[in-house]
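Everything quoted here is computed from the prediction, not taken from an experiment. Heavy-atom basis, side chains included; hydrogens, waters and symmetry copies ignored. Below, chains carry the letters A, B, ... as their sequence lines are ordered, and counting in each starts from 1.
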Amino acid sequence: GGTNPDPAQPEQPEGPSQGEDITEGGKYAAEQVYKYTYAEEITTLNYLINTTWIDMSVAANLVDTLVQYDKYGVLQPALAEKWEVSEDGLEWTFHLKKGIKWVDFEGNEVAETTANDFVASAKYILTKVNESESANVVYSVIKNAEEYFNEEITDFTQVGVKATDDYTLVYTLKEPVPYFESMLTYVSFFPVYEPFLEEMGDVFGTANSAILYNGPYLLTEFEPQIKRLSTKNEAYWDKDNVFVKVLDYKYNKEASSLGGELFRRGEVSHAVIPTTNLDEWMTNPELKDKISPDRLGTYTYFYVFNFKPQFDAEYEPENWKIAVNNVNFRKSIVAALNRRAAVATEDPYNPDYRVLNTITPPNFTSQDGLDYTDIGELSALKGKDFYNEAEAKSLKEKAVEELTAAGAKFPVKILMPYNTNSSYWAQEAQVVKQGLETILGSDYVQVTLLPHAPTGFLDGTRRAGNYSFMQVNWGPDYADPQTYTDPFRRDGNYNFPEYTTEVDADGKNIYEVYESMIQEAKAELIDLTKRYELFANAEAYLINNAFVMPLKVSAGDGYVASVILPFERPYAPFGIATMTWKGARLLADPISMEEFENAQEEWQTERENALKEAAK
Amino acid sequence: MTNNEKVLSVDNLVIKFNLRGQELTAIRGASLELYKGESLAIVGESGSGKSVFTKSFMGLLDANGRIESGSIIYKDNDLAKYKTEDDWIKIRGKEIAMVFQDPMTSLNPLKTVGKQVQESIELHQNLQGEEAKKLAVEILNDVGISEPERRYKQYPHEFSGGMRQRVVIAIAVACNPNILICDEPTTALDVTIQAQILQLLKNLQKKYQLTIIYITHDLGVVANVADRIAVMYAGDIIELGLSEEVFFDPKHPYTWALLSSLPQLGIKGEELYSIKGTPPNLFKEIKGDAFAPRNPHALKIDFEKRPPYFEVTPTHKARTWLLDPRAPKVEPPLSIQKMREMEVKRGERLE
Amino acid sequence: MMKYYVTRLFRSFLTLMIVITIVFLLMRMMPIEGYFGSGFDKLDAGQIEAKLKNLGLLDPLPVQLKNFYISLLKGDLGQSITYRPKVDNTKILGDKLITSLRFGVASLTLSLIVGLSLGILMARHKGKFWDKFGTCYVVGANAVPAVIYYLLIQVFFTDIFKLPLLFDKSVPKSWILPILCLSLVTTAYYAMWIRRYMVDELNKDYVRLARAKGLKSKEIMIRHVMRNAFVPMAQYLPASILYTVAGSIYVESLFSIPGTGGLLVTVIQRQDNTLVQALVLLYSSIGIVGLMLGDILMSAFDPRIKLSHEGGSR
Amino acid sequence: MTRKKIMNDINDNIDPSLFEFAEYDETKSELTGYSNYSFWKSTFQVFMKNKVAVALLILIVSVVLFTAIQPYLPNQKSPTQIYINPETGLQYRNIRPNDPSVSENFIFGTNSIGQDLWARIWSGTRTSLFIGVSVAIFEAIVGITIGALWGYVRKLDAVITEVYNVWDNIPTTVVLIILTYVMKPSISTIIFAMCMTGWLQMARFVRNLILIIRDREYNLASRCLGTPTSRIITKNLLPYLVSVIMLRMALAIPAAIGNEVFLSYIGMGLPIDIPSLGNLINEGRALMMDPNQRYQLFFPAAVISVVTISFYVIGNVFADSADPRNHV
Amino acid sequence: MSNKECLLEVKNLRVEFGKGKQKFVAVNDVSFNIYKGETFGLVGESGSGKTTIGRAIIRINPAASGDIIYNGQKISGKIDKELDSQVTRKIQMIFQDPMASLNERAKVDYIVSEGLYNLKNYGSEEGRKKKVEQALLDVGLLPEFASRFPHEFSGGQRQRIGIARVLVMEPELVIADEPISALDVSIRAQVINLLSDLQKKKGLTYLFIAHDLSVVRFISDRIAVIYKGNIVELAESEKLFANPLHPYTKSLLSAIPTPNPNVERNKIIEVYEPKKSHFDYDSNRPKWVEIEPEHYILANDRELEGYKKIMGR
Ligand SMILES: Nc1ncnc2c1ncn2[C@@H]1O[C@H](COP(=O)(O)OP(=O)(O)OP(=O)(O)O)[C@@H](O)[C@H]1O
Ligand SMILES: Nc1ncnc2c1ncn2[C@@H]1O[C@H](COP(=O)(O)OP(=O)(O)OP(=O)(O)O)[C@@H](O)[C@H]1O
Ligand SMILES: [Mg+2]
Ligand SMILES: [Mg+2]
């Protein structure tokens with residue numbers, strides 16, 4: 001039997017009615033107009049094709065989905081009133097709310113949102129010529145979708161998306177997917193009004209008049225690279241939980257250098273404070289109460305060792321192959337790498353806030369009220385400090401011994417690329433290089449930094465195997481630990497671990513050991529507790545064998561000057577939840593460090609309770 | 001020479017230039033009187049100071065030059081004392097006008113020829129607009145430009161060299177000056193056109209009662225137009241006299257040399273007389289007669305003391321020690337003697 | 001005359017075709033990764049192929065070229081592919097060009113007025129105070145990187161004069177600073193050149209004649225020298241006006257001006273081939289047309305110049 | 001015939017023996033009037049008269065010398081090393097110039113990851129000057145060669161003109177960005193990219209000059225004497241262009257430095273671990289808004305301004321002094 | 001005279017500038033001979049094509065049609081390398097402007113030896129120096145001048161350097177294109193003397209171009225008068241002066257200034273008006289005819305009769 005969460009209202013205060021004090025005693029601003037300057041314009045409003053963060057963050061507020069997360073990350077019904085899953089876990093039936101309207105950008109009613117809108121969207125996404133970037137998300141789970149996408153079948157009715165009537169939608173999966181609900185908040189499962197889509201044709205999504213809205217906001221004005229003005233959708237089904245009336249976005253290419261100044265002058269409600277300017281904000285008495293960290297995200301950064309080096313002979317790929325297949329060598333590097341110092345290039349004030357010991361970040365997913373990172377062998381890793389000079393030196397000695405025997409030359413050359421468009425990465429690379437060479441000695445390792453232009457960066461470095469040791473990152477696609485194993489799968493293009501020749505004490509290839517652990521976890525579809533534990537153990541194995549070194553978790557914009565408390569907004573480890581403005585409210589004063597920390601703590605405990613509540 | 005009224009009198013003028021930190025004396029105490037209505041020709045080789053000398057009458061010396069001493073008296077004013085532009089504006093054009101050597105570059109290429117003439121008229125003749133235009137057309141006609149009305153609207157590049165020189169002359173004449181200085185007005189022109197221009201100037205002189213100073217190194221031109229001739233050498237006037245006097249009875253060895261080197265006087269198959277050497281360096285102080293080092297007839301005193309002017313006739317004087325009674329008698333070169341003889345014969349023939 | 005321009009236009013057209021072909025080929029050297037956004041890592045081979053195929057990038061190069069020429073000859077600049085997918089390039093460019101052109105013309109007017117006055121002042125008082133002052137300005141504006149003083153202006157002028165920090169079409173005051181910034185360098189440029197040309201002209205014989213004629217130096221300046229000195233600049237004037245549509249990358253970014261400044265840089269980096277080509281085509285034609293207009297303008301100013309005899313397309 | 005002296009009395013006590021012919025030597029008269037004018041000497045003299053230019057020349061020479069010897073001076077820090085505070089184990093970030101509260105001394109302070117600005121600025125100046133000079137030299141070599149052929153060899157005129165038209169119409173940014181993609185971001189890439197576009201102007205400039213002097217009579221004379229084209233170019237034409245070419249080179253240096261700043265701005269500059277004035281300015285630019293940290297922009301900006309202004313002024317004054325018209 | 005050896009023959013030479021509509025015929029159907037050892041004068045107003053003829057002979061300007069025959073060999077059009085270098089050596093040119101025709105940035109030594117370097121016929125460096133020295137002495141300059149630069153010399157001296165540069169080539173025919181026009185009166189004589197002196201000593205042949213008739217008369221054996229690209233009259237110089245036939249020649253002669261104020265003041269200039277004189281050229285084309293031995297004239301039948309009448313008198 002499927003779960004059917006109570007479709008109760010989220011525990012927000014009752015929507016403010018006329019005459020009520022919307023400032024709640026001066027806590028919130030009287031005028032709920034959010035102003036912001038942005039440096040990067042969206043490419044399109046066609047939410048069915050694009051998956052860039054910036055495009056999705058706009059679409060998230062314009063179109064609503066079947067389900068949504070509340071501010072604690074608990075799944076709540078949205079367009080779907082309720083839903084059920086078949087016994088075999090393959091058939092998901094959603095019952096839609098009635099009377100949800102599609103409106104145009106001026107708020108004029110166009111049609112009602114029906115089950116067919118989801119079918120139409122799936123059809124559009126799965127049609128190859130539409131170049132939808134989210135197609136693979138859909139066809140990775142939906143029955144016959146991949147075949148349709150590859151034009152092996154042409155009859156869309158065979159694909160597992162059906163509207164049995166106007167308010168009943170059935171998704172049929174190709175295999176049970178326990179986390180399917182979480183995928184529904186992704187743009188791939190957004191609805192679209194078919195007659196309108198057809199009418200627009202190619203023009204769909206190129207202007208604010210070229211899409212229809214059923215979400216909390218209408219994009220009333222859109223002049224690319226000038227402004228985006230969104231106003232509250234008065235026809236929105238949950239409009240009582242939409243507090244910010246206007247989202248006034250102005251374009252400025254130099255927003256990062258000017259944002260702080262604009263905030264100071266009261267011209268924006270939110271400004272990103274780049275690391276370079278942090279000192280000023282932290283020390284200036286006038287400013288230091290107006291800056292706060294951003295909430296942690298779910299993108300994680302980690303260093304990987306390359307097991308299939310493809311770089312120039314100049315950097316001795318053969319020698320690297322010998323070295324990288326030695327666990328002590330890898331571990332010596334992990335132990336010698338001062339991750340706090342590295343992260344300090346991005347967040348010099350509180351690097352510990354972001355340093356991470358796992359690949360999967362905390363607060364990503366949980367089972368039985370227990371956070372994933374506290375499960376199984378991962379829990380042991382959580383509090384550990386990998387950085388240990390003494391250990392690094394002893395590991396080095398061992399490695400030197402073993403590697404000399406294996407015929408390696410010293411110093412081992414390490415090729416470390418970075419992307420030139422990111423200033424902190426360049427700095428981090430310098431910190432890492434210097435740290436490794438001083439602690440381990442340049443007679444042992446010699447790091448060469450390889451700057452690469454942003455154009456074709458991945459193809460030129462990681463994907464081409466043109467590195468030995470490199471910072472990479474990964475973000476989740478759905479709310480299940482499996483998503484973080486993707487980079488390390490066979491035939492992936494992260495660090496090619498399947499090429500390792502190293503064997504464990506039992507003589508088994510260590511990658512094969514890891515792979516079998518993953519297979520076992522993936523196969524476990526019913527007992528989620530077990531599934532989570534298996535994944536956690538596999539991840540710990542990967543880290544303990546130094547295939548990979550976790551580094552940090554993304555933290556949105558780092559530091560911000562803002563009047564928006566992030567904890568009031570919906571939360572989800574992935575998808576569009578954090579991008580929506582529902583629930584957000586402008587404070588009367590900028591958030592200070594302290595306020596942020598308190599709010600975070602409060603949120604953390606409330607979330608634990610909420611999760612436990614939901615798990616019941 | 002029609003009358004003896006002096007219009008301009010230059011006395012002992014010394015002009016110096018600063019050049020690359022050094023001082024150059026371009027005019028070394030030259031004196032000259034100019035009579036109303038006459039044509040005076042100043043001859044001399046390149047660099048002898050002809051242009052500088054006359055430019056100083058109009059305050060047109062280059063910025064690095066200055067009048068060191070001496071006076072230029074015009075209508076009871078000493079022009080040598082003029083300093084500001086406002087002073088000079090009263091002289092330039094209105095009293096003294098100038099025709100420059102190069103007709104190709106002396107006109108503003110972007111203004112119609114007529115406008116450029118008209119500008120002079122408007123400046124100096126109290127006429128504006130249509131009236132000025134009418135006069136401009138008239139003057140263009142006077143200087144021998146056919147179809148002046150059509151030509152009025154044309155640009156300098158549509159004119160030939162000779163015609164441009166006419167326009168330049170028209171501009172000068174349009175100022176209605178007393179004195180017209182023509183700085184090498186015909187050197188850039190063909191012989192035939194040269195003759196026409198000279199004729200034109202003579203006609204204009206009569207019509208507008210001009211006093212003209214011709215500057216040239218072409219003695220043929222001088223013979224054609226000049227009433228009097230001043231011969232310059234190294235910044236000084238070394239001989240001055242009526243045209244006939246200078247041609248037929250020159251006294252200064254430099255004048256001799258100048259005349260004898262004319263091919264017209266040479267005998268085919270024989271060597272032409274030529275002046276050896278180069279003019280003196282004006283940066284250095286010149287002791288004695290500047291021409292002495294190149295003078296085959298130089299006396300010892302020429303290297304010691306600068307000769308004074310010796311008067312030959314009341315209208316003819318020369319600066320050479322050869323005229324001193326104590327000096328040995330030196331006959332002028334053969335070619336000059338021959339010319340004098342021929343002239344005598346010709347005169348007889350005419351009678 | 002007409003024939004001359006027709007042949008010249010034809011030759012320019014050929015040049016343009018070569019230019020655009022080279023750019024076309026150059027753009028094909030860029031990596032495929034660039035055609036995708038940040039989501040590239042998450043796409044699978046099928047999706048990548050689908051997009052590339054759609055863009056026609058999987059065709060053999062000659063076929064791509066042929067298609068490109070055909071649509072170009074039809075006057076079709078195509079649709080943007082990555083910058084704003086599916087939007088007509090003409091539409092993208094249209095608004096931006098107008099904005100940049102407005103700023104360009106405004107600042108050009110300002111710098112022409114100020115620059116020419118300053119240059120004339122400098123030439124008149126050669127070696128004196130104004131000349132020295134102007135020279136300091138010219139040197140400063142030319143030698144100090146613009147990035148630095150634009151920022152200074154933006155920070156301090158907004159503070160001191162209470163001017164808006166960012167541009168907003170509807171706020172007239174917000175035009176001031178960008179125009180000021182834009183005109184700083186060009187002002188120096190015009191001042192420098194007009195001074196140089198004036199000094200050149202002042203050494204010419206006709207000025208000597210004008211002086212001998214009795215014109216005051218002020219009148220000589222106004223009636224003769226200024227116009228003549230302007231002629232050599234006239235040639236580049238139309239081109240510089242037209243080139244303002246290219247915008248200024250610094251100023252436009254700093255003040256949020258929705259113009260074309262830096263657009264080329266952005267679209268090359270985004271690998272929006274069609275937009276790059278459209279821009280290159282635009283800029284090149286502007287260059288060519290500008291020079292031609294310059295020649296016409298110059299021949300209007302200078303009666304000596306007849307364009308009928310042969311000359312390159314410069 | 002009566003002869004009267006006008007100015008002197010005849011009884012002037014002149015030794016009568018002086019009234020004898022002096023010896024006349026023809027060859028001697030040839031030797032008079034010889035000017036000691038020398039082009040380079042005059043150029044030098046005129047240049048030396050401009051106090052500002054001389055001061056800047058001295059300044060720039062000192063700067064160049066200083067950048068050369070700076071690394072060998074005692075107590076210099078490394079421009080790329082990140083200095084770690086031994087107490088906290090973290091970087092010495094944003095230390096203000098000569099901050100006494102810090103145990104280490106940073107003359108110009110440190111940047112946001114704890115690198116010594118003083119060392120970075122001099123190292124950056126070295127890099128930028130190197131880029132500037134290399135670009136200038138390369139442009140000169142390529143520009144002069146092509147420009148000379150273009151201007152002098154009539155047959156090549158049409159071809160090179162066409163190439164020029166095409167190349168000139170390709171926006172530099174296209175070339176720069178695509179080059180930086182194809183090649184790795186490095187000093188040589190930057191130099192190469194700038195040269196690829198910079199030689200054009202030089203070539204055109206040389207060509208125009210050559211067109212002007214090509215048909216002067218002395219060149220016709222050389223042709224009549226059968227002098228080969230190569231020697232006409234090197235002996236007859238180029239010597240006339242030396243001064244203007246030097247000017248162009250002097251101006252090419254600040255231009256190249258400015259370009260480097262621009263490239264850094266659009267993210268196509270040198271990798272961050274190679275300090276250059278462009279990188280430093282670009283790093284410092286972000287700090288413009290913070291009064292306490294402006295020094296990080298101020299120092300490199302001051303150096304870049306001094307360097308570019310010097311070259312600019314020196315170049316211009318030199319051009320003026322090399323103009324014979326100004327040899328007054 | 002006609003038994004003299006013919007050094008250079010110009011036959012129906014035509015030189016054009018520009019192409020198509022802008023085509024300009026600078027020299028039109030010109031024929032003349034230059035005999036060995038003589039000075040052949042070419043006079044005419046500015047722009048009449050004198051220089052162009054000179055340059056056509058020295059092959060700077062290509063001939064559009066017609067032949068130039070040197071010593072019996074055709075040197076116009078394409079010629080082989082051997083002949084080319086030979087002709088280069090044998091025919092040399094002296095230029096009008098002594099300021100512009102010397103390379104200001106080269107020492108006199110280089111300027112004078114430039115031809116030697118090209119011919120590579122000087123043997124050793126020592127030999128080259130000797131030749132330079134000799135050439136300088138020949139033109140009346142001191143050998144030590146070799147190490148100076150052109151700007152250190154006066155106009156006359158510079159022109160002599162230009163002549164020395166030609167002399168080292170040991171030419172046979174020298175084209176002197178207005179060699180004295182740019183010179184000061186006082187030094188013109190120097191150069192004229194030098195030229196005739198060298199002719200005597202080295203047996204040179206000159207094509208002497210000038211617009212100053214008095215100079216041409218003084219130096220030339222025969223004179224051709226050119227008007228707008230056509231030679232209108234050619235005769236021995238005294239004959240031409242004594243008996244000018246063509247109206248243009250007459251007007252030219254009448255304009256010569258004489259250094260005699262009495263003569264000058266009374267002189268009458270004859271104006272040449274081609275439209276009046278040659279009113280019937282459209283129907284009756286002029287031809288190049290030898291009206292008497294060694295006296296050629298461009299005239300049509302009607303004019304020819306008239307001229308003959310005058311000569312008969
Ligand atoms: N602006 C100046 N600066 C320095 N010297 C000058 C200047 N103007 C003229 N001179 C010098 O003054 C002397 C006389 O020059 P001027 O021009 O009067 O000669 P000129 O007799 O007119 O010669 P030409 O026949 O060549 O015109 C020359 O030696 C010349 O070099
Ligand atoms: N390179 C050229 N291109 C076009 N036209 C030319 C060229 N050289 C000469 N001409 C023209 O050919 C005609 C004859 O010129 P040329 O130089 O032979 O005259 P010239 O008799 O030597 O005149 P001058 O006495 O002024 O030297 C002139 O009208 C001239 O404009
Ligand atoms: Mg003069
Ligand atoms: Mg000529």
Checklist entry - With a 4.5 angstrom heavy-atom cut-off, which part of A/Phe149 approaches chain C: side chain, backbone, both or neither? => result side chain
Next on the checklist: Would you say CD of A/Glu152 has more than 12 non-hydrogen atoms from neighbouring residues, nucleotides or ligands within 6.0 angstrom?
Outcome noted: yes
Item to check | When A/Thr52, A/Asn50, A/Leu258, A/Ile226 are compared by non-hydrogen pairs under 4.5 Å with chain C, the top option | outcome: A/Leu258
Next on the checklist: At a 4.5 Å cut-off on heavy atoms, which part of A/Tyr38 comes close to chain C: side chain, backbone, both, or neither?
Outcome noted: neither
Next on the checklist: Using heavy-atom distances under 4.5 Å, tell me whether C/Lys91 contacts chain A through its side chain, its backbone, both, or neither.
Outcome noted: neither
Item to check | C/Lys96, part contacting chain A, at a heavy-atom distance under 4.5 Å | outcome: side chain
Item to check | Ring center gap for A/Tyr301 and A/Trp425 short of 6.0 angstrom | outcome: no
Checklist entry - Just by distance, do the side chain of C/Glu33 and the backbone of A/Leu458 share a donor-acceptor pair under 3.5 Å? => result yes
Item to check | Under the side chain to side chain donor-acceptor pair (under 3.5 Å) test, residues paired with C/Asp59 that sit two or more places apart | outcome: none
Checklist entry - For A/Lys250, is it the side chain, the backbone, both, or neither that has a heavy atom closer than 4.5 Å to a heavy atom of chain C? => result side chain
Checklist entry - Parallel under 30°, tilted from 30 to 60°, perpendicular over 60°: which one fits the rings of C/Phe157 and C/Phe161? => result perpendicular
Next on the checklist: Counting heavy-atom pairs closer than 4.5 Å to chain A, which one of C/Gln47, C/Lys86, C/Arg84, C/Lys51 comes out on top?
Outcome noted: C/Gln47
Checklist entry - Checking C/Asp88 against chain A: side chain, backbone, both or neither under 4.5 Å from a heavy atom? => result neither
Checklist entry - Roughly how far, to the nearest 0.5 Å, is the CD1 atom of C/Ile153 from the CG atom of C/Leu254? => result 10.0 Å
Item to check | chain A contact via C/Pro258 - side chain, backbone, both or neither, heavy atoms under 4.5 Å | outcome: both
Item to check | Distance flag, aromatic centroids of A/Phe302 and A/Tyr484, threshold under 6.0 Å | outcome: no
Next on the checklist: Quick check against the 3.5 Å criterion: does A/Lys174 have a side-chain atom that pairs as donor or acceptor with the backbone of A/Tyr139?
Outcome noted: yes
Item to check | Part of C/Glu49 within contact of chain A (heavy atom distance under 4.5 Å) | outcome: neither
Next on the checklist: Is A/Ser257 in contact with chain C via its backbone, its side chain, both, or neither, using a 4.5 Å heavy-atom distance?
Outcome noted: neither
Checklist outcome for this item: Counting heavy-atom pairs under 4.5 angstrom with chain C, the leader among A/Arg462, A/Glu267, A/Arg265 is A/Arg265
Checklist entry - Among A/Glu41, A/Lys128, A/Glu133, who wins on heavy-atom pairs under 4.5 Å with chain C? => result A/Glu133
Checklist entry - Can you check whether C/Leu57's main-chain N or O pairs, donor with acceptor, with C/Gln64's side chain at less than 3.5 Å? => result yes
Checklist outcome for this item: The interface call for C/Glu252 against chain A, heavy-atom contacts under 4.5 Å, is neither
Checklist outcome for this item: One option among A/Arg463, A/Lys227, A/Glu261, A/Glu146 has the most heavy-atom pairs under 4.5 Å with chain C, and it is A/Arg463
Checklist entry - Could you walk me through whether C/Leu72 and C/Met17 pass the side chain to side chain contact (heavy atoms under 4.5 Å, CB included) check? => result CA-CA 10 Å; C/Leu72 200 63; C/Met17 287 309 280; 4.1 Å; yes
Next on the checklist: Below 4.5 Å, heavy-atom pairs only: which of A/Thr51, A/Val129, A/Asn130, A/Thr44 has the largest tally toward chain C?
Outcome noted: A/Val129
Checklist entry - Taking the inter-plane angle between the rings of C/Phe103 and C/Phe167 on a 0 to 90° scale, is it parallel (under 30°), tilted (30 to 60°) or perpendicular (over 60°)? => result perpendicular
Checklist entry - Measuring heavy-atom distances to chain A, does C/Asp272 have an atom under 4.5 Å in its side chain, in its backbone, in both, or in neither? => result neither
Item to check | With A/Thr127 via side chain to side chain donor-acceptor pair (under 3.5 Å) - residues at least two apart | outcome: none
Checklist outcome for this item: Scored by heavy-atom pairs under 4.5 Å with chain A, the best of C/Thr158, C/Ile48, C/Leu151 is C/Thr158
Checklist entry - Checking C/Phe255 against chain A: side chain, backbone, both or neither under 4.5 Å from a heavy atom? => result backbone
Checklist outcome for this item: Checked A/Asp477, A/Ile54, A/Asn150, A/Asn46 vs chain C; the most non-hydrogen pairs under 4.5 Å come from A/Asp477
